[in-house]
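Quick note on labels: first sequence line is chain A, next is B, and so on, each numbered from 1.
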Protein chains: 2
Amino acid sequence: MPQFRAFTPEELKFIASFKIGELNAETGTVVLQEGAHNAHLYTLLSGWAFRYKTLEDGRRQILNYMLPGDLLGLQGSVIGDMEHSVEALSPVVLCVFRRDKLDELFRNHPGLGFDIAWLASREERMLDEHLLSIGRRSALERAAYLLAFLHKRAEAVQASKGELIVLPISQLHVADTLGLSIVHTNKTLRKLADRGLIRWLDRTCRVLDVAGLMELAGWEGPSERRRPLI
Amino acid sequence: MPQFRAFTPEELKFIASFKIGELNAETGTVVLQEGAHNAHLYTLLSGWAFRYKTLEDGRRQILNYMLPGDLLGLQGSVIGDMEHSVEALSPVVLCVFRRDKLDELFRNHPGLGFDIAWLASREERMLDEHLLSIGRRSALERAAYLLAFLHKRAEAVQASKGELIVLPISQLHVADTLGLSIVHTNKTLRKLADRGLIRWLDRTCRVLDVAGLMELAGWEGPSERRRPLI
DNA sequence: CGTCAGTTTGACACGAATCAAAGTGAGTGG
DNA sequence: CCACTCACTTTGATTCGTGTCAAACTGACG
């Protein structure tokens, strides 16, 4: 159950003035290209997406996944060009901010400025976890961590609590997130499925036993406090 | 040559009011412990440090290195407990902020608030690069990337341009950053040394050929625009 | 019916971990 | 001054995890 903080009327008005429109991305559509001089900052309102980087020869590393409430393109907004690419995993609705209004946001809406810092620091924490995982966990532990992580995230933004949680990713996504080959990823996921921890169906994953995954990975889970939505 | 932005007099006064004192950490001293409820936000004024996380069984992953101008403990300040540990690589001087003044900072000093977001987003970009490196580069490429990266960072904060740049890290640090074993790290660094790209001396590293390292790693280098110091 | 993305499996190769052991130099205490 | 320890570096032998290659299977789609 996400805890959305209440916005002041002025903040809401400011936010509304930037919602240029809705971008409805088809599954798999490239939303934002690495290197593009992108003058906008986005908030994901609904859907799943992921950020990634590639080496010249095509090797791809998925950096993190984006769920509703996540900020997108902050780096582009604050620093300059986008340093990574973004792709949608499901139809996505974005809220668009103009970058050149960022100064105004910090000046006139310090609460929103703080939220941006909060979101950036939360993203940092997730990346820290991913680094630990890729750097020091075995393939099986990594896979367990990733699926537990995504399940927890999905759970946190799930509107209706009863609804079945499905992770809309393919094994190729898992491979590119964990830094493994597809073949080995498949064999690893098979082991998890054989242990009854997950089930793979239709290029989606269902987590059957989050606690089991977390124990296998040695992961404590996220420790969130407050959760703004902008 | 770092580009420090100019602070307004009010900002300077505000900053000065939080410089509680100097922490002079001996080399290798643990400055901040993971999990500690740390009520402060730090800025590194001089020296080198690094952030890391560990698994229960002791496996350690270094997340990033901290050089003068870097923010430290933002996660703890904005979110709650520290999620990682920090250790100094050389005597370090920190500027200490009280966390409970963070709201005031965003409210009364939007420029500084923006700087914090800027720094957070820069850290995010560095973590992105590290993820790509650990996930998808070979051992040799990873090592080349890391040393080029650190050399560039050191160069950027180096006061006198003529001075010889030395990276104050041991091979164990390199191993724990790259997600490799010490033994293999040693063999990998040896290859770089044999190619004349680096020289290892006295638990420090000297980069002899940054361009060579960058080419080997397929790394373009950082693309910084503006650089605040807070 | 063919194509194509995604999943699955087996055989083999290779990169990196592990094991073992020794060398170096700084620091310490006798 | 020497002997000792300790952190760090180095090297070789061997093992093991993961990558690569190859091929087949599935279901969606045109």
Side-chain angles (χ1 to χ4, degrees), chain A residues 26-30 50 55 57-62 87-90 133-144 146-147 166-194 198-206 216, chain B residues 26-30 50 55 57-62 87-90 133-144 146-147 166-194 198-206 216:
Chain A
E26 289 304 304
T27 302
T29 299
V30 174
F50 65 94
L55 296 171
D57 62 7
R59 282 175 285 178
R60 177 176 78 162
Q61 177 64 42
I62 293 181
E87 242 181 78
L89 288 165
S90 68
S133 202
I134 296 192
R136 288 307 185 194
R137 279 193 248 252
S138 70
L140 195 66
E141 292 170 331
R142 275 186 238 184
L146 176 64
L147 298 176
V166 172
L167 311 180
I169 54 175
S170 74
Q171 299 193 356
L172 182 57
H173 293 119
V174 176
D176 284 347
T177 309
L178 303 182
L180 300 170
S181 69
I182 324 179
V183 174
H184 195 66
T185 297
N186 177 273
K187 290 169 180 168
T188 303
L189 292 175
R190 175 124 290 284
K191 285 182 193 167
L192 291 181
D194 288 345
I198 64 169
R199 179 171 304 158
W200 213 269
L201 254 182
D202 255 14
R203 78 201 59 174
T204 64
C205 174
R206 291 174 194 190
L216 178 52
Chain B
E26 290 302 306
T27 303
T29 298
V30 174
F50 65 93
L55 297 172
D57 62 6
R59 282 174 285 177
R60 178 176 78 164
Q61 178 65 41
I62 293 180
E87 244 180 75
L89 288 165
S90 66
S133 201
I134 295 191
R136 288 307 185 195
R137 279 193 248 252
S138 70
L140 196 66
E141 292 169 333
R142 277 185 236 185
L146 176 63
L147 298 176
V166 173
L167 311 180
I169 54 174
S170 73
Q171 300 194 355
L172 182 58
H173 293 119
V174 176
D176 283 348
T177 309
L178 303 183
L180 299 171
S181 69
I182 324 179
V183 174
H184 194 65
T185 298
N186 177 271
K187 289 168 181 169
T188 303
L189 292 175
R190 175 124 288 287
K191 284 181 194 166
L192 291 181
D194 288 346
I198 64 168
R199 178 170 304 159
W200 212 270
L201 252 182
D202 257 13
R203 77 204 56 178
T204 64
C205 174
R206 292 174 193 188
L216 178 52

Options [options], nucleotide nearest the side-chain atoms of [X]:
X       : options                   : answer
N186(A) : dT7(C), dT18(C), dA16(C)  : dT7(C)
W200(B) : dT18(D), dT9(D), dA17(C)  : dT9(D)
R203(B) : dA16(C), dG19(D), dC8(D)  : dC8(D)
R190(B) : dT11(D), dT18(C), dT18(D) : dT11(D)

Please report, rounded to the nearest Å, how far the [atom2] atom of [N] is from the [atom1] atom of [X].
X       : N       : atom1 : atom2 : result
I169(A) : dT7(C)  : CD1   : C1'   : 14 Å
L140(A) : dG17(D) : CG    : P     : 11 Å
D194(B) : dT10(D) : CG    : P     : 10 Å
E141(A) : dG17(D) : CD    : P     : 12 Å
H184(A) : dT9(C)  : NE2   : P     : 14 Å
L189(B) : dT9(D)  : CG    : P     : 9 Å
R137(A) : dA17(C) : CZ    : P     : 17 Å
L192(A) : dT7(C)  : CG    : C1'   : 16 Å

How many angstroms lie between [atom1] in [X] and [atom2] in [Y], if you round to the nearest 0.5 Å?
X       : Y       : atom1 : atom2 : value
L189(A) : L180(A) : CG    : CG    : 9.0 Å
D176(B) : R136(A) : CG    : CZ    : 4.5 Å
L178(B) : S138(B) : CG    : OG    : 10.5 Å

Is it true that a side-chain atom of R142(B) and a backbone atom of R137(B) form a donor plus acceptor pair closer than 3.5 Å? yes
Base, sugar-phosphate alone, or nothing: which one does L180(A) contact when heavy atoms must sit under 4.0 Å apart?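 The answer is sugar-phosphate, as L180(A) gets under 4.0 Å only of primed atoms, P, OP1 or OP2.
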Answer with base, sugar-phosphate or nothing: what part of the nucleic acid does S170(B) contact at a heavy-atom distance below 4.0 Å? sugar-phosphate
Of D202(A) and R136(A), the one whose closest DNA chain C nucleotide lies more 5':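 The residue mapped nearer the 5' terminus is D202(A).
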Specify the residue among K187(B) and L172(B) whose closest nucleotide of DNA chain D lies further upstream toward the 5′ end.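 It is L172(B) whose nearest nucleotide is closer to the 5' end.
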Less than 4.0 angstrom between a side-chain N/O of Q171(A) and OP1 or OP2 of dT8(C), yes or no? yes
Shortest non-hydrogen contact between I134(A) and Q61(A), atoms and distance: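 Result for this residue pair: CD1-NE2, 3.4 Å.
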